[in-house]
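All remarks here apply to the structure that follows.
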Amino acid sequence: MTNNLPPISSAYRSKLITAIISITVFFIVYLALILISLFMIFLLGYGAIKLVMLHANYFTAVIALGLISIGLIVFYFLIKFIFIKNAYGTRHLIEVDRQNQPELFMLIDEIILEMKVSRPGKVFLSPEVNASVSYSSPFWSMFLPVKKNLTIGIGLVNTVTVGELKTVLAHEFGHFSQRSMKIGGYVNQAEKIIFDTVYNNKDFENSIKHGSGHWAFQMSGIISVGFISAFQYILKIFSDFFLRTMLL
């Protein structure tokens with residue numbers, strides 16, 4: 001079956017290579033900033049220990065904690081997008097299985113056998129006149145395999161023949177073997193990082209500046225925001241490059 005597919009166009013190949021390069025550049029810069037933040041934690045922690053060892057009292061202890069908190073805050077700023085709850089949800093869908101929809105799963109088995117693709121993690125029914133492949137994309141999905149789910153619209157089932165439904169589902173199952181969905185996962189993670197670090201950070205900065213009444217921690221917050229602003233500036237430059245290449 002795959003031997004009869006048309007060759008990939010040079011325009012598509014060029015677009016794909018450009019996307020891969022831009023994603024790679026962005027993540028290299030992002031990982032470099034994470035390493036810098038970890039180095040900051042080490043340096044500031046070392047300085048804090050030396051300060052306390054030089055003259056241990058309440059004042060130096062507070063200053064030491066403030067120094068350590070600067071590195072930790074900057075590091076958390078870079079990774080806090082990981083802890084944002086994923087918007088992907090299936091509450092509006094009805095999950096079906098082989099027991100309650102045997103004929104549908106027989107059709108799915110036929111497609112899997114003919115196309116030699118992996119089996120969907122879950123199968124859902126929706127009220128739409130459509131079919132789609134989707135999956136949850138937490139940060140760890142960039143490194144670990146994630147089962148893709150198949151969603152079939154009831155409206156689609158009610159408006160096409162069995163042969164037409166099989167053709168539509170065969171198209172969707174093509175996504176199960178495509179690496180382009182993996183690239184899409186990296187794009188999705190890059191967009192999350194860009195949104196959370198560059199465009200959705202005011203509340204975080206305000207909480208750092210005014211979250212503690214103690215003068216030492218307020219000072220640490222102001223210094224942390226200064227470092228964060230510098231990191232944001234760098235991320236903004238490379239995120240603009242990334243977004244421009246995605247829109248070309």
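Along the sequence shown, residues are numbered consecutively beginning with 1.
Here the closest heavy-atom approach between residue His92 and residue Pro127 is recorded as O-CD, 4.5 Å. Heavy-atom minimum distance, Leu93 versus Ser126: CD2-CB, 3.4 Å. For the residue pair Phe173 and Pro120, the shortest heavy atom distance occurs at CE2-CD, 3.7 Å. Annotation for Ser69 and Ser220: closest pair OG-CB, 3.6 Å, computed over non-hydrogen atoms. Ser239 and Val198 make their closest contact through OG-CG2, 4.4 Å (heavy atoms, listed as atom of the first residue, atom of the second, distance). When all heavy atoms are compared, the tightest approach of Leu169 to Ala131 is CD2-CB, 4.3 Å.
Note on Tyr233 and Phe26: same hydrophobic cluster, where clusters join Ile, Leu, Val, Met, Phe, Trp and Tyr whose side-chain heavy atoms are under 4.5 Å apart, directly or indirectly. Note: the hydrophobic cluster containing Ile70 also contains Ile36 (ILVMFWY, side chain heavy atoms under 4.5 Å, direct or indirect links). Ile228 and Leu43 fall into different hydrophobic clusters, where Ile, Leu, Val, Met, Phe, Trp and Tyr side chains are chained together by heavy-atom contacts under 4.5 Å. When the side chains of ILVMFWY residues are joined at heavy-atom separations under 4.5 Å, either directly or via intervening members, Met219 and Met40 end up in a single hydrophobic cluster. Hydrophobic clustering (ILVMFWY, side-chain heavy atoms < 4.5 Å, transitive): Ile237 and Phe227 are in one cluster.
Contact annotation: the side chain of Phe242 never approaches that of Val25 to less than 4.5 Å [non-hydrogen atoms, C-beta and beyond]. Side chains of Asp240 and Lys236 form a contact here, defined as non-hydrogen atoms less than 4.5 Å apart. In this structure, Asp109 and Arg119 have side chains that are in contact, with non-hydrogen atoms separated by less than 4.5 Å. At a threshold of 4.5 Å between non-hydrogen side-chain atoms, the residues Ile79 and Phe75 count as touching. For the pair Val96 and Phe124, the minimum side-chain heavy-atom distance is 4.5 Å or more. Between Ile108 and Leu150 there is a side-chain heavy-atom pair separated by less than 4.5 Å. Proximity of Ile49 to Met53: side-chain heavy atoms (C-beta onward) are separated by under 4.5 Å at one or more points.
We find the CZ-CG distance between Phe39 and Leu44 to be 10.0 Å, quoted to the nearest 0.5 Å. Note that CG of Leu78 is 12.5 Å distant from CD1 of Ile73, once rounded to the nearest 0.5 Å. For the atom pair CG (Leu156) and CD1 (Ile152), the distance works out to 8.0 Å, reported to the nearest 0.5 Å. We find the CG-CG distance between Leu72 and Leu38 to be 10.0 Å, quoted to the nearest 0.5 Å. The distance from atom CD of Glu191 to atom CD1 of Ile23, rounded to the nearest 0.5 Å, is 9.0 Å. Lys192 NZ to Ile194 CD1: the interatomic distance, rounded to the nearest 0.5 Å, is 13.0 Å.
Note on Lys166 versus Glu114: salt bridge recorded, some NZ/NE/NH1/NH2 to OD/OE distance being below 4.0 Å.
Of the possible donor and acceptor atoms, one in the side chain of Glu164 sits under 3.5 Å from a partner among the backbone N and O of Thr161. No donor-acceptor pair closer than 3.5 Å links the side chain of Asn149 to the backbone N or O of Val123. A side-chain donor-acceptor contact under 3.5 Å links Gln232 to the backbone of Thr197.
For Ile234, the CD1 atom is densely surrounded, since the number of other residues' heavy atoms within 6.0 Å is greater than 12. In Lys122, the NZ atom is not crowded: 12 or fewer heavy atoms of neighbouring residues, nucleotides or ligands sit closer than 6.0 Å. Within 6.0 Å of atom CZ in Phe59, 12 or fewer heavy atoms from other residues, nucleotides or ligands are found, so the atom counts as exposed in its surroundings. Environment of CG in Asn158: crowded, with over 12 heavy atoms of neighbouring residues, nucleotides or ligands closer than 6.0 Å.
Checked against side-chain contact (heavy atoms from CB on, under 4.5 Å), Ala61 has no partners two or more places apart in sequence or in another chain. With sequence neighbours excluded, the residues that form a side chain to side chain donor-acceptor pair (under 3.5 Å) with Thr60 are Asn57. In this view, Phe231 satisfies the ring-ring contact (aromatic ring centres under 6.0 Å, His included) rule with no residue, not counting sequence neighbours.
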Stepwise side-chain contact (heavy atoms from CB on, under 4.5 Å) check, Val52 with Ile63:
CA-CA 9 Å; Val52 173; Ile63 295 295; over 6 Å; no

Is there a side-chain contact (heavy atoms from CB on, under 4.5 Å) between Glu110 and Met115 once you walk through the steps?
CA-CA 9 Å; Glu110 288 180 22; Met115 297 188 65; over 6 Å; no

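Counting only N and O atoms by type, the side chains of Asn201 and Lys80 include a donor and acceptor under 3.5 Å apart.
Taking the six-membered ring where tryptophan is involved, the planes of Tyr30 and Phe27 are perpendicular, since the angle between them exceeds 60° and thus also 30°. Between Tyr76 and Phe204, the angle of the ring planes lies from 30° to 60°, which puts this pair in the tilted group.
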